[in-house]
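The structure under discussion appears below in the form of structure tokens.
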Amino acid sequence: MSNGKLNGARLEQQFANLGINDNHHQSSGKPTAGRYVPPHLRSQSVSALQSRRPHSGWHQRIESETWDNRRTSFPRADAWGGGSRSEMGYSSPQRRGWSDRASSQGDRSYRPGRYQSNNYGGRGGNFSEDGFNRRGEDGIGSWRDGVHIIATRSSFIERDLFGSPDDLDRQHTGINFEKYDDIPVEATGNNVPEGVSNFTNPPLDKHILSNIELSRYSIPTPVQKYSIPIVSSGRDLMACAQTGSGKTGGFLFPILSELFKHGPSPLPPEQPGLYRGRKAYPAGLILAPTRELASQIFDEARKFAYRSWVRPCVVYGGADIHGQMRSIERGCDLLTATPGRLVDLIERGRVSLSQTRYLVLDEADRMLDMGFEPQIRRIVEQEDMPGVNERQTLMFSATFPRDIQVLARDFLKDYVFLSVGRVGSTSENITQKVEYVEDEDKRSVLLDILHAQTKNDRGLTLIFVETKRMADLLSEFLINSGFPATSIHGDRTQRERERALDSFRTGRVPIMVATAVAARGLDIPNVTHVINYDLPTDIDDYVHRIGRTGRAGNVGISTAFFNRGNKGIVRELIELLKEANQEIPAWLETVARETSSYGGSSRGGNRSRGRGQNRDYRKFGSSSERGSYGSNNTE
DNA sequence: AAAAAAC
């Protein structure tokens, strides 16, 4: 199962296996049984999918429904005539690419020869008296003659995107609004704009306000308070914010708001190239370090782009690239991507970054670490993305080590540094326990913990291990011990990963064993317990991992198994526990004392200064000055 | 040393 090296028959087999276990298909009774639907498309309404059924051949339909987004999921009489659009006609050579038109803002309908100048986006008309479209056909706005045409509302789409008010799954009830005022916020840089305390029309566009309201967010979280005016005033941002503090909204709200205000960029004349089709020119690009995180961000983007001219898309590896290409060539204004797949699409000539005005690096410290940095540099510096002065760049992460801040400077101009939450530490919402457990005792201690909590705890337990192999072994062990468990790691297929995450999220399988792939950014409500079965070697990873619980003001528990193998992080761990007002076991202090303070590793010197690392190094950094980049390693 | 991310 975990070694998926089947070749020829793989695809068919995958399709054949599909209808069996996927509860999405079963529960919603959609006509898609037997087909793989990526997570971000699974909530499409029945009518939407049915309406597409008669249009094209079976094979085509799999692909298009897989990656198709809302925009083309609904019949559009004006664009498609009698609704006889076929995938073949779609790719016919006589179709003119939208990007090689004389007019910069071309019509995006797909019928060959159809042309309406100054029109961008979907149909905006068809209003009914109450503003709702009863047939559930719209939700796609447009831009015409400098005016943002907001599409009619659709109760179908709204239920898909926003859930119903009593839908516990979707609610953000845990947000402790009173506590927001106590959270320290530090904004440094030149002329830092004043924070806003409400979602209001200036500076936000009215339409984004309406989508924020539909999502039931009532007041800005601390990071949003500042990111909104910072982005609206054209500034760059490096934001260091506690996990679960609304970082995604922190960049989506102001970016979409600006896009709604200003409309699409004029498209450049198409360069001759191998690929003659419609190229995607996203106005905003969001990069994320894992596929699941990209998918999660995209889900949010769909909510806040609802009824607007902005079409969000997502691309990531491990999923069929052709479907993704078809999706983005239908229009792609706000693209969320993992780096590898994006580079692939750029090489294929399917994506140009020449119109990208907003660049977001989520989990930025991860994106700029040794594994990712070359790819990021390539995307940002060696493709056709506008230079640092012609775009706005935003970086977000819960941790921002000083050396990464130095690196990040290459991508930013006169940025505001924002530090939200308990600086450099984890939230007090999380009760952190550390237990001394030898490797050979870990299994039985884990079982004890799980036995103790299954009684009345209906929350989810996330268990982190260091290796993919251990993730497999441990989840198998738990299952054999009678605990419903699943696992997620990079050697599982994308389908397995998504299914594992989904069954965990819904609570069907309340225990998940995970590698670092699940450590960052994933927003899974109701994770009440994070267990570090293996502690990471980097304290920042620990911070991100335990941040999967205690989200949005909820409380959570974290348990770490510590033994001699983990003494490398002992001092940083103690510092962290102190800052978060956690109990520190006496034996842990002993281990720290026994661990030589000069212990050979360079880690103690550069990174560990506790609170220092999440503060603006321009202001708090020790010896290195702004101008001394390149020779700053003399501590 | 391991994990993640493209085929």
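A, B, ... follow the sequence lines: proteins, then strands. Residue 1 opens every chain. None of the values given here were measured: they were computed from a predicted structure. Hydrogens, waters and symmetry mates are skipped; everything else that's a heavy atom, side chains included, is used.
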Phosphate-side-chain proximity, A:Thr338 and B:dA4, N/O vs OP1/OP2 below 4.0 Å
no
Ignoring hydrogens and angles, answer whether the base of B:dA1 and the side-chain atoms of A:Thr537 contain a donor-acceptor pair closer than 3.5 Å.
yes
Atom CG of A:Leu535 and atom P of B:dA2: how far apart are they, to the nearest Å?
18 Å
Is there a salt bridge (Lys or Arg N to Asp or Glu O under 4.0 Å) between A:Arg443 and A:Glu476? Walk through the geometry before answering.
CA-CA 12 Å; A:Arg443 284 190 170 193; A:Glu476 199 177 323; over 6 Å; no
When we call it a touch if two heavy atoms are under 4.0 Å apart, what does A:Val343 touch: a base, just sugar-phosphate, or nothing?
nothing
Starting at atom NZ of A:Lys468, determine the distance to atom C1' of B:dA5, rounded to an integer number of angstrom.
11 Å
Pair A:His529-A:Ser558, side-chain donor/acceptor within less than 3.5 Å
no
Name the closest nucleotide to the A:Thr467 side chain, picking from B:dA4, B:dA6, B:dA2.
B:dA2
How close or far is atom C1' of B:dA4 from atom CZ of A:Arg520, stated in whole angstroms?
11 Å
If I take atom CG in residue A:Leu287 and atom C1' in nucleotide B:dA4, what distance separates them, rounded to the nearest angstrom?
14 Å
Give the rounded distance in Å between these two atoms: CG of A:Asp320 and P of B:dA6.
14 Å
Working to the nearest 0.5 Å, report the span between CZ of A:Phe411 and CG of A:Leu361.
7.0 Å
Whole-Å distance, A:His489 NE2 to B:dA3 P, equals 9 Å
Is it the case that A:Gln432 and A:Tyr542 place a side-chain donor and acceptor less than 3.5 Å from each other?
yes
By nearest atom, which of the nucleotides B:dA5, B:dA3, B:dA1 is closest to the A:Arg291 side chain?
B:dA5
Does a nitrogen or oxygen in the side chain of A:Arg497 sit under 4.0 Å from OP1 or OP2 of B:dA4?
no
At 4.0 Å (heavy atoms only), tell me whether A:Gly371 reaches a base, stays on the sugar-phosphate, or touches nothing.
base
